[in-house]
Amino acid sequence: MTDKGQVRRFPSGEYEGHGLDPMLAELRANEPLAKVQLPFGREAWLVTRHRDARMVVTSRHFSRARESGPDAPRFMASPRDPLVVSALDAPEHTRVRKLAGKAFTPRRIETLRDNARKKANELVDEFAGLDQPADFLKHFARQMPLAMMTEMMGIPREDFPLFHQWIDDMEVIDEAGMEKAQRALKGTIDYLATQVAKRMADTHDDLLADMVAAHEGADRLTEDQLVHFAFGLWFGGLDTTFNLITNGFYLLLTHTDQLGLLLADQSLIPSAIDEFLRYAGVNGVDHARVALTDVELSSGTIPAGDAVVVSLSSANRDESVFTDPDEVDITRSPNPHLAFSGGMHYCIGAPLARMEMSVALDVVLNRLPGLRLAVPVEEVPWAKRKLVRRPEALPVRWDDVLPAAGD
């Protein structure tokens with residue numbers, strides 16, 4: 001397509017539930033490569049069709065490293081940290097991710113599902129002791145990924161409230177939140193730097209310690225690389241899983257036909273998770289990139305040096321790929337969604353998020369029969385000015401609490 005000189009607003013309006021800005025459907029149909037003004041930084045090309053989105057997220061002709069800095073294209077108030085692994089390009093990205101990946105040993109990975117099930121059962125026990133109605137988001141969806149990540153990384157439980165606040169502050173997308181977001185980013189990095197330094201000085205048995213010890217010959221991660229990889233893993237592992245659990249249970253509780261299908265056949269859990277990811281996502285848009293050369297997409301050419309962003313939400317509702325894309329169907333197959341991006345920047349926390357969601361569904365649905373919303377759907381509050389659409393609270397009731405399997 002040709003540049004008509006029109007710079008559109010970035011489509012990030014607040015809509016009911018998981019409804020998308022109508023502008024995205026309009027762009028998919030009529031202007032699938034459109035120039036938009038991002039909330040911060042410069043203008044960028046917005047990609048809205050699935051075919052083009054897949055090409056952008058998997059191509060090495062785009063740089064993520066060039067999206068760092070105060071004038072770079074971005075969505076959140078806080079500037080992107082140039083050292084975090086998701087902001088690196090190959091070959092440095094490849095080297096850092098390969099080295100850090102050595103910390104994910106089979107022994108550690110094998111323990112995660114058992115730990116997740118134990119934590120989910122503990123949280124259900126605590127939840128069932130609350131007065132009804134109770135907020136499922138506050139007491140389960142937020143607590144499970146936080147408990148898992150802090151245990152994996154050896155973070156003291158008493159520091160949980162700090163990370164709750166920092167994540168909330170970093171997610172804002174308005175100018176008013178800029179100073180708070182920058183303080184939260186610095187606070188998180190400084191805290192993780194202290195934790196890494198402790199593991200460099202003393203023996204610990206956790207993921208951070210394994211990352212410190214990881215090497216290939218004489219090649220090791222530097223202290224700065226360790227801190228920033230830990231930050232990416234921490235933020236992704238917490239936020240991604242929190243959004244998935246929150247939105248997944250919201251969708252089930254507001255689509256009782258789909259809940260009935262899952263209760264009748266729990267072998268549908270994997271496909272249900274993929275549908276939650278497609279429909280609600282974990283990020284509405286992918287990180288901005290900068291074209292290293294002129295790149296030809298089916299929708300037009302992105303000139304070298306121009307910024308481009310992918311609307312994952314739009315790509316995952318593309319009518320040319322998904323039948324009835326605005327309907328929730330936990331039996332959908334195939335389901336080639338792009339919720340976790342793609343290529344070398346495919347979300348490193350994706351397997352952990354899927355595993356935790358699978359355990360959460362299994363434990364909660366089997367132990368809390370009759371789980372349902374405690375308020376009309378229109379009274380469920382929604383988080384404002386965030387990149388990801390999700391409820392701000394999820395008040396629920398249930399009929400009984402059953403013992404954990406094996407008890």
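Counting heavy atoms from C-beta outward, F62 and V295 have side chains that approach closer than 4.5 Å. For the pair S311 and L46, the minimum side-chain heavy-atom distance is below 4.5 Å. Taking the side chain as every heavy atom from C-beta outward, L402 and P369 approach each other to under 4.5 Å. Considering only heavy atoms from C-beta on, P145 comes within 4.5 Å of I245 through its side chain. Looking at heavy atoms from C-beta onward, T301 lies out of side-chain contact with L297 at the 4.5 angstrom threshold. In this structure the side chain of F249 never reaches within 4.5 angstrom of the side chain of V396, judged on heavy atoms. With a 4.5 Å cut-off on side-chain heavy atoms, L185 and W166 do not count as touching. Counting only heavy atoms from C-beta outward, the side chains of V309 and V285 never approach each other to under 4.5 Å.
Judged by distance alone, the side chain of R389 and the main-chain N or O of G17 form a donor-acceptor pair under 3.5 Å. With hydrogens and angles ignored, the 3.5 Å screen pairs no side-chain donor or acceptor of D286 with any backbone N or O of V310. Not one N or O on the side chain of E43 forms a donor-acceptor pair closer than 3.5 Å with the backbone of V36. Between the side chain of D135 and the main chain of A393, no donor-acceptor pair closer than 3.5 Å is present. Panel note: side chain T150, backbone A147; a donor-acceptor pair is recorded below 3.5 Å. Not a single donor-acceptor pair under 3.5 Å links the side chain of T256 to the backbone N or O of L259. Between the R117 side chain and the L112 main chain, no donor and acceptor come within less than 3.5 Å of each other. The backbone N or O of R354 lies less than 3.5 Å from no partner atom in the side chain of S358, so there is not a single donor-acceptor pair. For the pair H255 (side chain) and L253 (backbone), a donor-acceptor distance under 3.5 Å is absent. The main-chain N or O of L312 is found under 3.5 Å from a side-chain atom of N316 such that the two form a donor-acceptor pair.
Of all non-hydrogen atoms in T240 and A353, the two that sit nearest each other are CG2-CB, 4.0 Å. Between M144 and A360, the shortest heavy-atom distance links the atoms SD-CB, 4.1 Å. Shown here for A280 and L251, the closest heavy-atom pair between the two residues is CB-CD1, 4.2 Å. The two residues A29 and R49 make their nearest non-hydrogen contact at O-NH2, 3.5 Å. When every heavy atom of L33 is checked against every heavy atom of V47, the shortest pair comes out as CD1-CG2, 3.8 Å. Here the shortest heavy-atom pairing between V308 and A44 reads N-CB, 4.3 Å.
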- Test side chain to side chain donor-acceptor pair (under 3.5 Å) applied to D265 and S267, step by step: CA-CA 5 Å; D265 182 4; S267 70; 2.5 Å; yes
- For side chain to side chain contact (heavy atoms under 4.5 Å, CB included), just list the numbers for L252 and F276, CA-CA rounded to whole Å, side-chain angles, deciding distance to a tenth of an Å, and then say yes or no. CA-CA 9 Å; L252 283 179; F276 302 153; 3.7 Å; yes
- Could you give me the CA-CA distance, side-chain angles and deciding distance for R199 and D206, then say whether salt bridge (charged side-chain N to carboxylate O under 4.0 Å, His left out) is met? CA-CA 9 Å; R199 282 147 185 82; D206 54 47; 3.1 Å; yes
- Task: Check the pair R28, T48 against side chain to side chain donor-acceptor pair (under 3.5 Å), reporting the backbone distance first and the verdict last.
- Result: CA-CA 5 Å; R28 269 199 318 275; T48 51; over 6 Å; no
- Assess whether side chain to side chain contact (heavy atoms under 4.5 Å, CB included) is satisfied between N247 and H18, documenting all intermediate values. CA-CA 9 Å; N247 284 328; H18 289 112; 2.8 Å; yes
- Verify side chain to side chain contact (heavy atoms under 4.5 Å, CB included) between L192 and T188, making sure each step is shown before the conclusion. CA-CA 6 Å; L192 291 173; T188 308; 4.1 Å; yes
- Task: Mind running side chain to side chain contact (heavy atoms under 4.5 Å, CB included) on V124 and F140 for me, showing each step along the way?
- Result: CA-CA 8 Å; V124 166; F140 188 96; 4.0 Å; yes
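If you check the side chains of R390 and T246, you find no donor sitting under 3.5 Å from an acceptor.
M148 CE to N115 CG: the interatomic distance, rounded to the nearest 0.5 Å, is 6.0 Å. With rounding to the nearest 0.5 angstrom, the CD atom of Q266 is 8.0 Å from the CG atom of L361. Taken from CG in D239 to CG in L244, the straight-line distance is 11.5 Å, to the nearest 0.5 Å. Distance check: D52 CG to I302 CD1 gives 8.0 Å after rounding to the nearest 0.5 Å. The structure places CD of Q258 at 5.5 Å from CG of D329, a figure rounded to the nearest 0.5 Å. The structure places CG of D205 at 7.0 Å from CG of D210, a figure rounded to the nearest 0.5 Å.
Counting non-hydrogen atoms of neighbouring residues, nucleotides and ligands closer than 6.0 angstrom, the NE2 atom of H204 exceeds 12 such neighbours. The local environment of CZ in R372 is crowded, with over 12 non-hydrogen atoms from other residues, nucleotides or ligands closer than 6.0 Å.
Salt bridge annotation for R8-E26: present, with a cationic side-chain nitrogen under 4.0 angstrom from a carboxylate oxygen. A salt bridge links R367 to D125: at least one charged side-chain nitrogen sits closer than 4.0 Å to a carboxylate oxygen. With respect to the salt-bridge test (charged N to carboxylate O, under 4.0 angstrom), the residues D324 and R332 do not qualify. For E151 and K119, the salt-bridge test fails: no basic side-chain N is under 4.0 Å from an acidic carboxylate O.
Under the 6.0 Å cut-off for aromatic ring centres, F322 and H50 qualify, their centroids lying closer than that. Between W382 and Y250, a ring centre-to-centre spacing shorter than 6.0 Å is recorded.
Using a 30° and 60° split on the angle between ring planes, F127 and F136 fall in the perpendicular class, above 60°.
Geometrically, R317 engages Y279 in a cation-pi contact, judged by NZ or CZ lying under 6.0 Å from the ring centre and within 45° of the ring axis.
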